[in-house]
2 protein chains.
Amino acid sequence: MAASRAPALSPKPPDCGDCPIRHRAVCARCESDELAELERIKFYRGYQAGQVVVSAGEPMGFVGSVVSGIATLTQTMEDGRRSMVGLLLPSDFVGRPGRETAAYDVTATTDLVMCCFRRGAFEKLMLRTPNIGQRLLEMTLDELDAAREWMLVLGRKTAREKIASFLATIARRDATLRPGAADGGIVFDLPLTREAMADYLGLTLETVSRQMSALRRDGVIRLQGNRHVTVPDLARLIEAAGDDSDGGLPG
Amino acid sequence: MAASRAPALSPKPPDCGDCPIRHRAVCARCESDELAELERIKFYRGYQAGQVVVSAGEPMGFVGSVVSGIATLTQTMEDGRRSMVGLLLPSDFVGRPGRETAAYDVTATTDLVMCCFRRGAFEKLMLRTPNIGQRLLEMTLDELDAAREWMLVLGRKTAREKIASFLATIARRDATLRPGAADGGIVFDLPLTREAMADYLGLTLETVSRQMSALRRDGVIRLQGNRHVTVPDLARLIEAAGDDSDGGLPG
DNA sequence: CATGGCAATTGATCTGCGTCAAGGAAAAGG
DNA sequence: CCTTTTCCTTGACGCAGATCAATTGCCATG
């Protein structure tokens, strides 16, 4: 969990089949020559768990998306209060065309591989390729919806409901990533520490811990170690979340 | 303050000089024939204070932007808990290309005029006119930033800070709408009831009221009636907001 | 001018979550 | 292996903000 800085090129870049920019973020409707152009300007970056990708206010020369691993988007006040404003899972896009500096701290919470494009080159390509902008608009609108869903969670839900909402979100996302496995319930690993969960949910880490224990006592979830979670009955979890049919994941 | 439904055409459509779609939302870089096309498919709608523009889940056949007046975007849980996820001020865009139904309740809190485009026609125009999509992407990214700023407010700020953040946001926005008037401080009218403020801030209306009174007692603001606010010293208000240089307005 | 309705204020009390503090469990590192 | 560090859990207590309840002020409208 070293938190040093210099990003390193990943030793073995994943092949294009793994690149969400191509398959999800940008190129769903691109022509082949546009794809070729994207290929020319793309490169991979690897980060270790705990490493800072960029800090808020720093120049950010690239945009890109997560290939594997998990990163967080956080904001910090001068007095140290922190708030997570996004959780970046594989295929999520990072960075903003037309902006010089990062608006938030981006941190890898697990080992992370990103597929990147130099910002300038990407912007120029966008001008010539409407599909890329279209796709980016769709993704941004999805993120906006997710952020707004989360405003309801932050502003109006109880601690227990917040935890349940978070777990349900992860469970659903995980379930779509690898379907099947409905046998003994949904099983996944929490991508965050209790503290990071607290920052995401507007709680303290103690409250997160207590509510996790409470959900365990009530049989809504099972825990093996600190991170490994089993949800025997997703419906019960969603019920505990006071769900307004939430589901989006703020990324 | 009737809350009936049927939208009415505004009696006297504002002239094009007032239309933010043309001037802000979409056409900053459009060619004249694109402008002409936009003119052909645009129309105005008027709503009375309290009227519902659309309800969440209902089909929404148009997109558009606010010309004058104020509207809110809210989400409600089955048990009645409500959360405001956006405040729509003049020039803000509403609606989502590519989506059939409204994701949130949109309600006019004052008399409201909107400049609208049929969704289908707008989408077709977007395909032929990259600039429109580009502009929409920029606006959406701004909204996303604002929503994320607001997540910090909701999750980590105290009641007093929340109120102060809200007032500072309104004050700033109002100041840019009509500059000058720095004489006796910034003066504006609150666009929301205490209850709506509470839904925006994740508080109860009683707490909003108490904190408003506290800010008045401390001389940070002055109140004439319930809605009319004077801020003698914006710096003091921002200080009270525990400000992390916020400023965006979630819309 | 009275009257009814809605919005806001203010007070009294309760409680969910934060704060402070002390261990315990699990990785990381030698 | 043991040591160190990091992360997590649990308890005791206090407080900010919710809840419950009563008034007050402000338009409307008859």
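We name chains A, B, ... by the order of the sequence lines, and we start the count at 1 in each one.
Between B:Glu195 atom CD and C:dC6 atom C1' there is a gap of 11 Å when expressed in whole angstrom units. In this structure, CG of A:Asn226 is placed 11 Å from P of D:dC7, rounded to the nearest angstrom. A straight line from CZ of B:Arg217 to P of C:dT10 spans 7 Å, rounded to a whole angstrom. Distance B:Arg194 CZ to C:dT10 P: 10 Å, rounded to the nearest Å. With rounding to whole Å, B:Met212 atom CE is found 13 Å from C:dA7 atom C1'. Going from atom CG of B:Asp79 over to atom P of D:dT19 covers 11 Å, rounded to whole Å. We find that CD of A:Gln224 is positioned 16 Å from C1' of C:dA25, with the value rounded to whole Å. When the C1' atom of C:dG16 is taken as reference, atom CD of A:Glu161 falls 12 Å away, rounded to whole Å.
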Open item on the list: Across nucleotides 11-17 of chain D, 5' to 3', mark each nucleotide with B, S or - according to how protein heavy atoms within less than 4.0 Å reach it.
Closed with: BB----S
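Nucleic acid contact for A:Ser209: base, since at least one base atom lies under 4.0 Å from a heavy atom of the residue.
Residues A:Val67 and A:Pro90 share a closest heavy-atom pair of O-CB, 3.6 Å. Smallest separation of non-hydrogen atoms from A:Thr158 and A:Glu161: N-OE1, 2.9 Å.
Separation of atoms CG (A:Leu88) and OG (A:Ser65) is listed at 10.0 Å; rounding is to 0.5 Å. Annotation: the span from B:Asp105 atom CG to B:Ser55 atom OG amounts to 5.0 Å, rounded to 0.5 Å. In this structure, CE on A:Met139 lies 11.5 Å from CG on B:Leu144, to the nearest 0.5 angstrom.
The shortest side-chain heavy-atom distance between A:Leu89 and A:Val66 does not fall under the 4.5 Å cut-off. Using a 4.5 Å heavy-atom cutoff, the side chains of B:Thr169 and B:Trp150 are in contact. In this structure, A:Gln211 and A:Lys162 have side chains that are not in contact, with every pair of non-hydrogen atoms separated by 4.5 Å or more.
With sequence neighbours excluded, the residues forming a salt bridge (Lys or Arg N to Asp or Glu O under 4.0 Å) with A:Asp145 are B:Arg96, B:Arg99, listed by chain and number.
Direction change of the helix axis from one end of the helix from C:dC1-D:dG30 to C:dG30-D:dC1 to the other is 40°, with five pairs defining each end axis (rounded to 10°).
In terms of position along DNA chain D, the nucleotide closest to A:Ser213 lies nearer the 5' end than the nucleotide closest to the other residue of the pair A:Arg156 and A:Ser213.
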